Amino acid sequence: MGLLTDPSSGQGKLVKSLLKYHPKICALVCLGGVIWFCALACPQMNANTYFSENALLPGLVKSQFHEDRAASTFHDELVDEMKKYEDSLPYPWLLAKFKQLGLDAYVHNFTLYSPLGTGEKYSGQNVYGILRAARTSSTEALVLSVPYRPPSSVHAPTTASIAIMLAFAKFANKEKYWAKDLIFLITEHEQLGIQAWLEAYHGVTCGNDNVLDHGDLKGRAGAIQAAVNLEIHNTRIGQMDIKIEGLNGQLPNLDLVNLALKMCTKEGLYHTFKNKGPEYHRDPIKEWKYHFRNLLAMAATQATGIPNGNHGLFHRFGIQALTMEGFEQSKARGSSKVGFLSIGRIIEGTFRSLNNLLERFHQSFFFYLLSSPDRYVSIGLYMPSVCLIAGALFIKSCAKWFKFQQDSSQETPDESQASDGKDIEPVKVDKIIIVFLFTHFLGVVLMNSPQYIIEISDHYNYNIQTSIFYTLIGLSVTFLLLPFMVPFRRCERSVNAFSILAMLELGTALICTSMNNFSLGMFCAVMSVPLALLINPTTCRYYSVLQRMLWLLAHPLVVLVAVVLANTYMMFPNESFKEKVYRSLDASQQAVIYSIVDSMIYGNWLFSVVTSIFIPNWLCFWCVAFSSTMPKNKVTDEKKRN
Amino acid sequence: MMSKTYKMNKIISCIFYLLILTIKLARTTSETFTEELLIKPLYSEQLYAHFQFTTKWDVDPSTENFNHTRIFPRALGELLKRYNIQELHVSLTGGLWRYENWGYPVTDAAPGAEVWAWFKRDTPDVDQNWKRLANSLSGLLCASLNFVDSSNSISPEFTFQPRGVTNLSSINNKYLRYASLPREVVCTENLTPWKKLLPCGSKSGLASLLNSGYIHNTRYHSVALHLRPVCRDDSCESLALELQQSVSLVYDYLILGSRNWSLRKLFGQGVAKSCPLASRSEIFVDTTVSSTHSFELNPPPDEVVTSIRGGHESTFAKYKESQSIAVLSPPPLHANQYLTGYGQERGGIVTKIFNNHWGNLDVVLLQNIPWYVPVYLHTLKVVTNGVENNPVALRYIPGRQRERAYYLEVLLKLPPKSTTAVSIDFDYVFLKWQEYPPDANHGFYIGSAVVSTNLPLARNFTGLPQDGSTLADSFNASRSGYLVQVRTEIMVITLPTPDFSMPYNVICLACTVVALAFGPLHNITTRRLTLKPKPSEKLFVKLKRGLTEFLQK
C-alpha cells in the first residue's frame with residue numbers, strides 16, 4: 001500500500017498498468033458484476049433454505065384446530081352483515097364477536113389529513129382483539145392481521161380471512177399454552193390502517209407531522225415479535241402465495257418465511273412465491289431461467305420500496321411479518337383445494353411455532369433474495385455483484401488520481417523552469433467544493449419543493465398533482481443549465497478533480513443503497529455506472545455531444561418515464577403509440593406523486609434519496625460532461641508557435 | 001445432711017423456676033393459625049380463588065430470640081432476628097392481574113418476584129442486611145432472589161409505608177428496601193418450599209388443595225408471604241407477630257371447559273379434613289355476582305364444606321341470555337405501562353393511569369427503572385386528558401451504571417373520570433459483553449410500576465383492612481380509605497445486542513488459521529539447516545545414477 005500512496009514513487013508497476021489498462025479493467029469489472037448477478041440464479045450459487053432457529057420447532061405438534069364449522073358460520077354472518085355497510089367496517093359486529101370469544105376488544109380511530117392540499121380529511125377505524133396469554137404477563141405479542149375490504153373495494157375480498165381469524169381466536173382462547181399475547185387486528189383502508197395502528201402502538205409518527213393522526217390505543221400487549229397478514233380470498237383455496245417485500249425493501253427474517261411455507265407443505269397446500277411454486281428441471285438452462293425469472297421478479301418489487309402487502313409496514317418496527325394470500329385458482333396441475341380446516345391448521349401451526357420462540361428472531365438471514373420458494377441467495381453472495389459494478393467507478397477514479405498526480409509531479413519542475421507559470425492552472429479546490437455543495441443544495445431544494453408547491457398551487461387553485469409533476473420537471477430542466485455557471489469548466493485539472501469526487505460519491509451511494517435495498521442499488525448501478533464511466537472531459541466535439549445525450553438517459557426522471565413506458569407497452573400492447581405515450585406520461589406523473597405521498601405518510605425514502613443524492617450526483621457528472629477544455633498538447637503547441 | 005437438704009432445696013427451687021418459666025413461655029407464646037379460602041366468580045369469564053393462611057404469635061418480635069416456635073416457621077423467625085427486620089413482604093407471581101376486568105385482588109403483586117422489607121432503626125448496614133436477606137430468601141423459597149442487591153433496589157418514600165404497628169414519627173425510608181425481579185418464572189419449585197412453612201404442610205387442611213398440576217393452569221397465580229408486627233389486642237399495649245401466607249389463583253372458564261366448577265375440578269381433589277392446628281378453617285364463596293351470572297351452591301354453604309358446585313338452573317334459552325356480555329364496570333383506578341419508539345437509539349416509557357371515579361384521586365406512581373435504561377428527568381411529562389398536569393411532589397434519584405437503579409416517585413392529583421399519561425424518555429445503552437444473559441436476544445426487563453391510592457369506596461375491592469389479618473376481618477370492615485396498589489405490566493426491551501455467534505465463528509476461523517500456520521512455522525523454526533555442497537554432476541552421470549537406483553529397487 002505504501003507503494004500506492006507515496007507520491008514520489010507513484011510510478012510503480014501496478015500504477016503503470018492501472019494507468020494503461022484502466023478502461024479495460026473498468027469494463028471488465030462492470031461486466032463481471034452483471035455476470036455475477038446473473039449467475040446467482042445458478043443452483044451452485046444459491047442454497048436450499050433451512051431452519052436456523054431451533055426453538056421454532058416447526059410443525060412438530062399435532063394440529064388440533066377443528067373450528068372450521070365456526071369459521072363457515074362466521075363467514076355467512078359476516079357476508080350478511082357487510083351488506084349493511086356500504087364502505088365501512090362493520091365494527092359493532094366484529095367487536096361483539098371478539099368480546100363473545102372472550103378477548104379484550106378495542107376500536108382504534110385514525111384520521112388522514114390529505115398531504116396534497118388542505119382541508120381534505122379521511123377517517124378510518126381499526127378493530128382489534130387481544131387474547132391474553134395465560135402463561136405470561138403481556139410482555140410479548142404476536143399479530144394476526146386482516147385488511148378489511150368492503151364490497152365496493154377494487155381489491156379481492158378478504159371476508160374468508162376474517163372468518164378464519166375469528167375461528168382461530170375461538171380455538172386459541174381455550175388453550176393454556178400461549179406464552180405470547182395474540183393480537184387479532186382488522187384494519188381499514190389497506191396500508192393506511194395498519195400504518196396508523198402501528199404508529200399508535202409505538203407512539204411515534206413515521207412520516208411528516210400533521211399528515212396521519214394515528215390516534216391512541218386503549219389496549220396493548222407488549223413487544224410484538226412477529227406478524228402474519230392474512231388475505232384469503234375464498235372459503236376454499238388452491239394456492240397460498242407468500243409475500244415478503246416491505247417498505248424500503250426490508251424483508252422479514254428468512255426463518256419466518258420458511259415457517260409459513262413449511263406449514264403450507266404440511267397441510268398439502270400448493271404454495272408459491274411470486275406466483276411460482278417450486279419447480280425442478282433437469283435441463284440446467286431451464287432451471288437457470290426459472291430461478292432468474294423469480295430473482296428478477298423479487299428484485300423488481302423490492303427496488304420500488306413499496307410494500308406489496310400490509311406486512312411491509314411492520315418491518316420498520318423490528319417486527320418480522322409476511323402476507324399469506326390464498327387464491328381459489330391454483331396453477332399447479334392436479335393440486336387439490338383446501339377448506340377452513342386446513343387454513344386454520346396452517347395458522348395454528350405457524351402461531352404455535354412462533355409461540356415457542358424464546359428470543360426474538362435473530363438467527364437466519366434478514367438480507368437475502370429468493371430464487372424459488374425453497375432456495376435463497378445470501379447477502380454474502382449477492383453483494384459482490386453490486387460491489388464489482390461500483391468498484392469500476394473506484395478503479396477509474398483511482399486511475400484518474402494517479403494521472404493527476406503524475407501530471408502535477410511532472411509539471412512542478414517545469415513550472416520552475418518556465419518563465420510564466422500561467423499556463424499551468426492550479427486546481428481550484430474552493431470552487432470545486434462550492435459547486436459540489438451547490439448541486440446538493442439544489443437536490444435538497446428539489447426534495448422539499450413539493451410542500452411549497454402544494455401551498456402555492458392551493459393558493460391559486462391549481463391542480464396539485466399536475467403542478468407538482470410539472471414543477472419538478474421544470475426544476476430539473478432548469479438545473480440542466482448549471483454547467484454554464486461552473487467557473488472551472490475550462491480548467492481540465494479542476495474538472496478532473498471534480499469528476500473524481502463525483503465518481504467516489506456515486507460509488508459510495510450505490511453501495512450504501514444496496515446495503516439497505518439491494519435491488520434498488522443494483523438497478524441504479526446497472527443504469528448509471530456504464531454511462532458514468534464514459535464521461536470524461538474531452539475535446540472531441542462529437543464525443544462530447546454523445547456523452548451528454550447518453551447521460552441525459554440516466555436522469556432519474558427519464559429512467560422513470562422509460563420504465564413506465566416499457567411497462568405500458570407490455571400491459572397494453574394493442575393501443576396506438578400516441579395513447580401509450582399519454583398513458584405512460586400519466587402513469588409516471590402518478591408514480592412521482594405516489595412516491596412523494598408515500599414519503600409523507602409512511603416515511604418511504606425513495607423520493608428523498610433520489611432527489612437528495614442521485615440527482616445532485618447526476619448534475620455533477622452533467623457538469624463534467626459540459627466541460628470544454630483545451631487539449632494540453634494543443635496549448636503547448638500554441639505556446640511553441642508563439 | 002445439711003448439704004443434702006440444701007441440695008434438695010436447690011433442686012426443688014430449680015424445678016419450681018423451670019415450671020414457672022414453662023408456664024410463662026406457654027402464656028407468652030400463644031400462637032393461633034387460621035386458614036381461609038375465598039372463591040369469587042369475577043364479572044368476566046374468570047373465577048378467583050384466594051387462600052389465606054394467617055399465623056399470629058403473641059410475642060414481642062424485638063425481644064424474642066426465635067429459638068423455640070410451635071406453629072410459626074422457625075426459618076422465618078431466624079431471618080427476622082438475624083437481619084433485624086421489622087416487616088417483610090415477598091410475592092412470587094406468574095401472569096398479570098387484569099385490574100380492568102377483574103377488579104382488585106386481596107393482595108397486589110407484580111409479575112415475577114417482588115420483595116420489600118423494613119429494617120429496624122438500629123440496623124448498622126441496611127444494604128448488607130438487605131443483600132443477605134435476599135440470599136437467605138432465595139434459599140428459603142427456591143427463587144432467584146439472590147439477584148437482588150443495591151443495584152436494583154430502591155427506597156421509595158411514599159409508596160411502601162409500614163403495614164404493621166410502627167412509631168409514626170420514626171418512619172424513615174432509609175430503612176426500607178424494595179426490589180422486583182420481573183424476569184422470575186414462578187413454578188412448582190417455589191410452591192413446595194412455601195408450603196413447608198405452613199404448620200400442617202400440604203398434608204391436611206386447605207393447603208392440601210394446592211396441587212401444582214392444577215394451580216399452574218391458571219391465568220394468574222401468586223404466592224405471597226407477609227410478615228409484620230401487629231397489636232396483640234384492641235388496646236394495643238403489646239405487640240404480636242403476624243405471618244400471612246396467601247395464594248391467589250384466577251381460573252378461566254374457557255380453560256376449565258365449563259362454567260360449572262367444584263373444588264375437585266379446580267384443585268384436583270376436595271378437602272379431606274381441616275388442619276388440626278388451625279383454630280379456624282373456612283371457605284367463603286362470594287355470591288354477589290349471582291345476580292348476573294346466576295349460580296347455586298351445593299351443598300348449602302352453612303354446612304361443613306367438602307365440595308361446592310355451581311350449576312345453571314336455567315333453561316337453554318336463559319343460559320344464552322345470561323351469557324350475554326354483562327356490563328363490566330371497570331374499577332375506580334387501573335393503570336397500564338408500555339414502551340414507545342422503535343429502533344435502538346431512543347425510547348420512552350409511558351404509564352397510563354385511568355381514574356374512573358367521580359371524584360379526585362391522589363395517587364403515587366412509583367417507577368423502579370433498572371440502570372441499563374437511563375431515563376432523563378427533563379423529559380418527564382404528565383398529561384391528563386390532553387392538558388399538562390403538574391405533579392404535586394416528585395422524588396427522583398438518578399441511577400448509576402451497574403450500581404444504582406433509577407428511582408422515580410410522582411405524586412399526582414387525578415381529576416375525576418380522567419386518563420393520565422406519565423411519560424419519560426430513555427436511551428439505549430451498550431452493555432459489557434459478559435453482562436448479556438445466555439438468551440441475549442430475548443431482551444431485558446423493566447419491572448412494573450406501582451400506582452398507590454386510598455380509594456374512597458370499596459367497589460371491586462376485596463383487600464384486607466390494615467388492622468385485620470384474616471379474610472373474616474375484611475367483612476363489614478368499612479374504613480375511611482381502601483389502600484390499593486395497582487401493578488402494571490412488565491416490559492421487555494431489546495438493547496443493542498452483538499451477534500454472539502460471530503465471536504464463535506471468529507474463534508473457529510482464527511484457530512484454523514493458527515493450526516494451519518503452526519505446522520509450517522514449527523517445521524521451519526525447528527529444522528536444522530545445513531549447507532550441502534551442490535554436486536556438479538553432468539546430465540549423463542545423473543541419469544545413470546537414477547537408473548541404477550531404479551534398478552536396485
Side-chain angles (χ1 to χ4, degrees), chain A residues 52-53 55 95-96 98-105 130-141 170-181 198-206 216-225 314-319 357-364, chain B residues 44-46 93-98 100-101 110-112 182-183 185 216-220 250 252-257 323-325 328 336-344 347-348 350 352 354 419 421 423 439-443 445-446 448 487-494 497 499-501:
Chain A
S52 186
E53 175 63 276
L95 265 185
F98 277 143
K99 281 193 174 152
Q100 274 172 27
L101 297 175
L103 310 180
D104 291 354
I130 303 179
L131 187 159
R132 300 293 181 185
R135 288 262 170 250
T136 49
S137 47
S138 291
T139 45
E140 294 171 321
K170 186 180 179 195
F171 158 78
N173 206 14
K174 289 179 198 152
E175 304 300 331
K176 54 195 173 199
Y177 46 66
W178 296 114
K180 296 176 172 68
D181 284 9
L198 282 167
E199 284 186 6
Y201 196 93
H202 295 93
V204 289
T205 304
C206 299
D216 196 14
L217 297 185
K218 289 208 185 80
R220 284 182 175 79
I224 301 173
Q225 306 286 311
F314 283 93
H315 296 158
R316 177 208 302 271
F317 300 91
I319 303 165
L357 277 182
L358 298 171
E359 304 176 62
R360 53 193 308 131
F361 277 111
H362 65 284
Q363 303 222 20
S364 200
Chain B
S44 48
E45 296 288 295
Q46 281 86 20
T93 311
L96 180 74
W97 183 270
R98 316 274 172 190
E100 203 179 341
N101 296 331
R183 209 183 169 162
V185 178
H216 291 113
N217 283 341
T218 48
R219 288 215 173 256
Y220 171 87
V250 175
D252 196 303
Y253 293 137
L254 279 168
I255 294 178
L256 280 178
Q323 214 194 18
S324 68
I325 309 136
L328 225 170
N336 290 119
Q337 184 176 244
Y338 57 90
L339 290 170
T340 57
Y342 63 92
Q344 297 191 328
V350 180
K352 253 193 193 169
F354 298 86
T419 308
S423 62
D439 49 352
N441 283 287
H442 180 66
Y445 282 85
I446 300 176
S448 46
R487 259 63 164 199
T488 63
E489 295 94 335
I490 53 179
M491 298 175 296
V492 60
I493 64 165
T494 316
T497 312
D499 179 6
F500 282 106
S501 66

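Everything numeric here is computed off the predicted structure, so don't read it as measured data.
- Proximity of B:Pro111 to B:Ser448: side-chain heavy atoms (C-beta onward) are separated by under 4.5 Å at one or more points.
- Looking at A:Ala133, only its backbone comes within 4.5 Å of chain B, counting heavy atoms on both sides.
- Aromatic ring centres of A:His202 and B:Tyr342 lie farther apart than the 6.0 Å criterion allows.
- Here A:Asn173 is the residue among A:Asn173, A:Leu357, A:Thr136 with the most heavy-atom pairs under 4.5 Å with chain B.
- In summary, the side chains of B:Thr488 and B:Asn336 do not present any donor paired with an acceptor at a separation below 3.5 Å, with no hydrogens or angles considered.
- The contact between A:Leu217 and chain B is made entirely by backbone atoms, counting heavy-atom distances below 4.5 Å.
- A:Arg360 has no carboxylate O lying under 4.0 Å from a charged side-chain N of B:Asp439, or vice versa, which leaves the two without a salt bridge.
- Residue contact with chain A, scored on non-hydrogen atoms closer than 4.5 Å, involves the backbone of B:Thr218 exclusively.
- At a 4.5 Å heavy-atom cutoff, A:Gln363 makes no contact with chain B through either its backbone or its side chain.
- For a residue to count as touching a neighbouring chain, one of its non-hydrogen atoms must lie under 4.5 Å from one of that chain's; by this rule A:Phe361 does not touch chain B.
- Contact annotation for A:Leu101: only backbone heavy atoms (N, CA, C, O) come within less than 4.5 Å of a heavy atom of chain B.
- At a 4.5 Å heavy-atom cutoff, the contact between B:Ile255 and chain A is made by backbone and side-chain atoms alike.
- Salt bridge status for A:Arg220 with A:Asp104: absent, with no side-chain N to carboxylate O gap under 4.0 Å.
- Side-chain contact of A:Ser138 with B:Arg98: a donor-acceptor pair under 3.5 Å is present, judged by distance alone.
- Closest approach of A:Ala105 to A:Phe98, counting heavy atoms only: CB-CB, 3.6 Å.
- In this structure, chain A has a heavy atom under 4.5 Å from the side chain of B:Tyr445, while its backbone stays farther away.
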